[in-house]
Amino acid sequence: MGDKNRIYKPKPISGYAEWLPEHRMVEMEWMDKIRNVFETYGFCNIETPSVEELDVLLAKGETDKEIYTLTRLQADEDDDKDARLGLHFDLTVPFARYTAQHFNDLVFPFKRYQIQRSWRGERPQKGRYREFYQCDIDVINIDALPLHFDAEIPAIMYAAYQALDIPPVELRLSNRKILIGYLTALGVEDITTATRTLDKLDKIGADGVIKGLTEEAGLSEDIAQKSLALAEIKSEDTGFYDQVKSLGIQNDLLDEGLDELKFVVENLSHLPKGAIKVDLSIVRGFDYYTGTILEAYLKDTDYGAIGSGGRYDDLAGSYINKKLPGIGVSIGLTRLFSLLIEIGHFKEAERKSPADILMVLPDEAQRGVTLETANTLRARGYKVEMYHAASKLKKQLAYAEKKAIPFVWFPPFKDGKPHEVKDMNSGEQKNADPATWEI
RNA sequence: GCGGCUGUAGCUCAGGGGUAGAGCACUCGGUUGUGAUCCGAGUUGUCGCGGGUUCAAACCCCGUCAGCCGCCCCA
């Protein structure tokens with residue numbers, strides 16, 4: 001690298017994606033649309049630092065979470081300050097810390113959204129990165145958070161997906177109290193392993209689950225079958241309620257979860273048919289969830305979740321001596337976006353420039369008029385790119401074509417002649433006045 | 001972090017121990033003010049990177065990096 005005559009051939013860094021301009025343009029549009037939906041519901045934005053103290057990140061006892069730590073290259077032996085910092089792995093934990101820290105200055109229920117990158121040191125794969133954008137929306141309240149939010153937040157999430165031009169999305173809902181209460185009633189001891197196994201139902205099938213429950217979670221064949229029976233319950237409405245009841249297991253936590261989930265489903269009935277599905281096998285996501293949980297999927301694909309979230313009753317309680325229950329979801333923007341690039345979803349309307357108009361430079365002598373024309377159009381709100389040299393028109397048009405700029409503007413070739421504008425899609429060209437022309 | 005598969009021109013890929021190919025793309029031209037079609041001409045690679053074996057390596061071996069798949073974990 002120090003050798004001037006040698007080039008250092010750039011190569012991708014595993015798990016760190018970057019897009020071409022045409023894709024980045026769409027990504028930014030998406031962020032705007034999602035932001036707009038969030039604000040429509042009155043949520044405000046905050047941005048927190050990329051780093052948090054490791055004590056904050058690890059407060060919920062999540063062992064390592066593949067957290068990246070931050071150190072100086074030339075850190076002194078006794079300089080352990082930076083070593084205590086780590087890049088955040090999600091936006092919910094920083095949000096909880098923020099809420100606790102600024103407790104006295106915030107209005108509750110505190111509703112906020114954050115669109116930032118997160119980092120996880122996992123093995124990259126399709127749709128899975130080490131650095132990725134999340135669009136996170138949460139609400140936290142003091143002491144108690146009304147259950148209505150458990151319906152509002154998923155509704156907002158769904159609206160955000162709907163604002164994007166993407167294939168149909170399905171929200172899968174459950175409540176952690178159901179599975180935990182049920183397994184407790186069955187006398188299951190290693191609930192973590194059992195729920196982890198049940199969560200894989202979609203992936204490994206009923207046989208795989210039974211095998212995992214008996215071999216790894218240590219359940220008897222009978223208990224394993226009963227556990228599976230619950231996890232297999234799915235419904236598009238409140239039908240799950242009676243199905244669970246008919247299994248004949250009595251447990252207070254279970255009942256609480258059932259009532260909550262029923263309430264949530266009822267309060268989401270305004271969503272389009274097929275938008276939500278109760279799926280009692282889902283449990284995953286981070287450990288801090290305590291009630292409602294949900295995952296978003298692209299329908300008819302086998303891609304992983306493109307968003308998820310849930311209710312957490314005592315996350316912020318790790319940072320302040322108060323009870324601050326919250327609920328929130330996160331849209332996995334980078335994952336969703338990269339999957340759609342992969343399937344060629346953006347092929348059509350791609351532009352490689354935000355410009356609406358390419359301003360032709362017919363002749364060096366016309367540069368003044370050309371510039372003036374461009375500025376007139378810009379003042380009227382159009383995005384105008386100037387062609388940089390008085391090259392052959394063939395070249396200038398080919399440039400517009402390559403960047404998919406929809407209009408090409410021809411200033412007068414000679415004084416007194418009219419302006420002309422060409423629609424590159426139709427090929428139609430006509431006279432135009434920069435002061436009045438409309439797309 | 002563990003295991004597996006893959007890596008040849010900008011893209012999709014063929015080749016397979018003796019000094020690198022196709023299609024598409026790209027560049028230029030087909031005269032005077034016009035792209036996407038057509039015609040003509042042309043350019044393109046340290047065969048991911050580093051090392052080893054060999055008279056000779058893109059091809060064999062080792063390592064490494066990257067992508068993908070599975071696990072783990074999760075957006």
With P as the reference atom in both, quote the distance from B:C11 to B:G51 in angstrom, rounded to an integer.
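Result for the P pair: 25 Å, nearest Å.
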For a quick check, tell me whether the side chain of [X] and the base of [N] share a donor-acceptor pair closer than 3.5 Å.
{"X": "A:R120", "N": "B:A75", "result": "yes"}
{"X": "A:E420", "N": "B:G33", "result": "yes"}
{"X": "A:Q125", "N": "B:G70", "result": "yes"}
{"X": "A:R130", "N": "B:C74", "result": "no"}
{"X": "A:K422", "N": "B:G33", "result": "no"}

Indicate whether OP1 or OP2 belonging to B:A75 is found under 4.0 Å from a side-chain N or O atom of A:S118.
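For A:S118, the contact criterion (side-chain N or O under 4.0 Å from OP1 or OP2 of B:A75) is not met.
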Given B:C69, is OP1 or OP2 found less than 4.0 Å from the side-chain N or O atoms of A:K126?
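For A:K126, the contact criterion (side-chain N or O under 4.0 Å from OP1 or OP2 of B:C69) is met.
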Among B:G30, B:A75, B:G35, which nucleotide has an atom closest to any side-chain atom of A:L397?
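Output: B:G35.
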What nucleotide, of B:G33, B:C73, B:A36, holds the atom closest to the side chain of A:K417?
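When the side chain of A:K417 is considered, B:G33 is the closest of B:G33, B:C73, B:A36.
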A:K200 or A:G127, whichever maps to the more 5' nucleotide of RNA chain B
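With A:K200 and A:G127 compared, the 5'-side residue is A:K200.
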Flag side-chain contact, heavy atom, 4.5 Å: A:L198 against A:S281
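No, their side chains stay 4.5 Å or more apart.
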I'd like to check, for A:Y399, whether its ring lies over the base of B:G35 with centroids under 5.5 Å apart and a plane angle smaller than 30°.
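No, the aromatic ring of A:Y399 does not stack with the base.
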Without decimals, in angstroms, what is the distance between [X] [atom1] and [N] [atom2]?
{"X": "A:D90", "N": "B:C74", "atom1": "CG", "atom2": "C1'", "value": "11 Å"}
{"X": "A:R123", "N": "B:C69", "atom1": "CZ", "atom2": "P", "value": "12 Å"}
{"X": "A:R335", "N": "B:C68", "atom1": "CZ", "atom2": "P", "value": "12 Å"}

